[in-house]
Amino acid sequence: MHRIRAGFVIALCAFLGGCASSEKWGWYVISPTTRQGRVNIEFLLSGVGWTIALTVCCVALSIVLGFVLFLPRIPGNRWLDALNRAVVELLRSIPPLVSILWVYYGLPVLTGIDLGPFVSGMVALSLYGAAFMAEIYRGGVQSIERGQFEAADSLALSTFDKMRYVIFPQALRRSLPAMGNQFVIILKMSSLVSVIGLTEVVRRANELAVTEYRPLEIYTFLVLEYLVLVLLLSAGVRWVERRLGADEGGAASPVGRAE
Amino acid sequence: MSRSPESRPVPGGETAPVIELAGVNKWFGDLHVLRDVSLRVHPGERVVVCGPSGSGKSTMIRCVNRLEKHQSGRIVVDGVELTDRTEDIRAVRRGVGMVFQQFNLFPHLTVLQNLTLAPMRALGLSRSDAEARARQYLERVRIPEQAEKFPRQLSGGQQQRVAIARSLCMEPKIMLFDEPTSALDPEMIAEVLDTMIELADNGMTMVCVTHEMGFARRVADQVVFMDAGRIVEHAPPAKFFSAPEHERTRLFLGQILSH
């Protein structure tokens, strides 16, 4: 892993070094050695806070809403399953940009409540993410062996206790890689909220690009911003995976097996 | 109700049966897996059920704690008839332990947590009471030193003994064993059978699906032979092994005892 990351950084440095020497590039626009460059960098980075805030809110909400969406699936009732499938399909079939526009421009007409760009984006992306999270939970629970359900049943556990203490903890562990993937997607989709005016990183980059006429450098900087954010997020997910995996005394654990 | 070996009633004697199956039928789709199965088990009795695979023996004992639903006939366990009433099913399960072929321990919980979960959640024991009870039963299955380990760190035989201890922690009136030694390496079968023999000697009411005929000879009060969903032969072990009435039983015994 470390070797891959080191190789990645070296390649990136070589690329940027090549860029610096080419006439097509004008790094002065975000050069930390000049005053204007520093001001511009600060301007671009001022969007990071909104990007992170929106991502954190959407991730948290989609974890919770996804779970709520998944719950009707547990009893194995035909009608509840159908209802759940309909809701999930509906939410999944709306492109996130469309749902952002609908919530921001459409919903106030319907309800008279103007949510503003941040909350609108949060609602739209959380619902979208929740639909996928619900499917991830379902897959996690379905992957648990029938014997685990039967053992819990034979011990007279209630359905609640069976799910709470036996099934969900195991399903969650198996769902984590897929969840991490979904979080990365949510982070990247937060860029869409720039179209309704939230001053996150893309909006900031757009604003600077039209005043400085240096889209190449500015959007390259934007790419790097996302790269760093995604790497941090993935590292966080891996950390959680290790923490939870260790409890299982199995594959992810440093503790060996008896046999 | 006393369960000491001395007061064990004679099969078919005066005492009411603790398990009664009367004319039980079950289908999986078009497959008729249980055909008019009737069986009475009295307190303290040990019943060994054998038969070729697909004969319905596992399905029969799984009906006793409602892991499978029967479609006609009556099943009464400890005075409670099994119907769709969830509360009745849980009440029955509190008094009926089950040991599975694949152990079905909870892999994300330590041995101790495996043993305390159901007593705490389904019987309402305090943590300290549940742990004291768990350690007592681990002692009884002779692995008290494994309490803090995870199931995967144990050998198959140890895992199955933990599974037995987990059921015993509910202090059940009846223990069901569904091919408890079939997934074990030969050298581990003895340790599990020893545990089961000890249980039998202490007067536990047991229904065991097994092909361990030495075990059947040693502990069984009744041996039941099933074929194609029917109880074909039902006799005390002495008669069952020396003078079975049906040709099908003789054929089966010939195959299973010849090697």
Side-chain angles (χ1 to χ4, degrees), chain A residues 71 74-80 137 139-179 240-259, chain B residues 61-62 64-68 86-87 89-111 113-124 146 148-159 163 166-170 172 175-176 178 183 185 188:
Chain A
L71 282 179
I74 294 175
N77 177 298
R78 211 151 50 94
W79 299 107
L80 285 176
Y137 293 135
V141 168
Q142 274 178 355
S143 79
I144 304 298
E145 297 74 17
R146 207 173 56 141
Q148 293 289 309
F149 291 86
E150 291 180 350
D153 283 339
S154 77
L155 289 165
L157 291 178
S158 63
T159 302
F160 177 85
D161 286 341
K162 171 173 67 177
M163 299 313 281
R164 161 76 182 78
Y165 293 101
V166 177
I167 306 304
F168 287 151
Q170 297 186 65
L172 188 67
R173 255 159 229 169
R174 293 190 192 179
S175 301
L176 268 175
M179 285 167 77
V240 175
E241 263 177 63
R242 267 199 308 277
R243 279 292 301 272
L244 287 181
D247 287 343
E248 211 166 318
S253 158
V255 186
R257 298 185 184 200
E259 289 156 286
Chain B
I61 73 162
R62 288 160 58 87
V64 173
N65 66 347
R66 197 70 169 185
L67 289 184
E68 305 282 0
T86 318
E87 268 321 299
I89 294 169
R90 283 193 67 203
V92 164
R93 285 172 175 169
R94 273 192 281 269
V96 179
M98 187 172 222
V99 175
F100 299 88
Q101 183 177 352
Q102 301 295 338
F103 328 141
N104 295 346
L105 293 175
F106 306 133
H108 61 299
L109 301 179
T110 63
V111 166
Q113 290 168 331
N114 263 278
L115 267 60
T116 54
L117 176 62
M120 285 167 65
R121 302 302 307 180
L123 300 181
Q146 312 286 6
E148 311 305 327
K149 288 194 178 165
F150 286 94
R152 279 178 218 196
Q153 295 168 280
L154 306 182
S155 72
Q158 289 173 326
Q159 288 191 45
R166 178 175 68 177
S167 288
L168 291 177
C169 280
M170 296 292 284
M175 285 286 283
L176 307 173
D178 190 2
D185 293 335
M188 292 169 185

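Protein chains get the first letters and strands the later ones, always in sequence-line order, with residue 1 at the start of each.
Atoms CZ and CG, on B:Arg90 and A:Leu155 in that order, are 11.0 Å from each other to the nearest 0.5 Å. For the atom pair CG of B:Leu109 and CD of A:Gln170, the computed distance is 7.5 Å after rounding to the nearest 0.5 Å.
Shortest non-hydrogen contact noted between A:Ala151 and B:Phe100 is CA-CE1, 3.7 Å. Here the closest heavy-atom approach between residue A:Val166 and residue B:His108 is recorded as O-CE1, 3.4 Å. B:Ala122 and A:Ala156 get closest at one heavy-atom pair: CB-O, 3.5 Å.
Looking at B:Ile89, there are no atoms closer than 4.5 Å to chain A (heavy atoms on both sides), in backbone or side chain. In this structure, chain A has heavy atoms under 4.5 Å from both the backbone and the side chain of B:Arg166. Contact of A:Asp153 with chain B is made through backbone and side chain together, with heavy-atom distances under 4.5 Å.
Of all the listed residues (B:Arg94, B:Met170, B:Arg121), the one sharing the greatest number of non-hydrogen pairs under 4.5 Å with chain A is B:Arg121. The candidate with the highest count of non-hydrogen atom pairs below 4.5 Å against chain A, out of B:Leu67, B:Val92, B:Leu105, B:Leu176, is B:Leu67.
Counting only heavy atoms from C-beta outward, the side chains of A:Glu150 and B:Arg62 approach each other to under 4.5 Å.
Of the possible donor and acceptor atoms, none in the side chain of B:Asn65 sits under 3.5 Å from a partner among the backbone N and O of A:Ser154.
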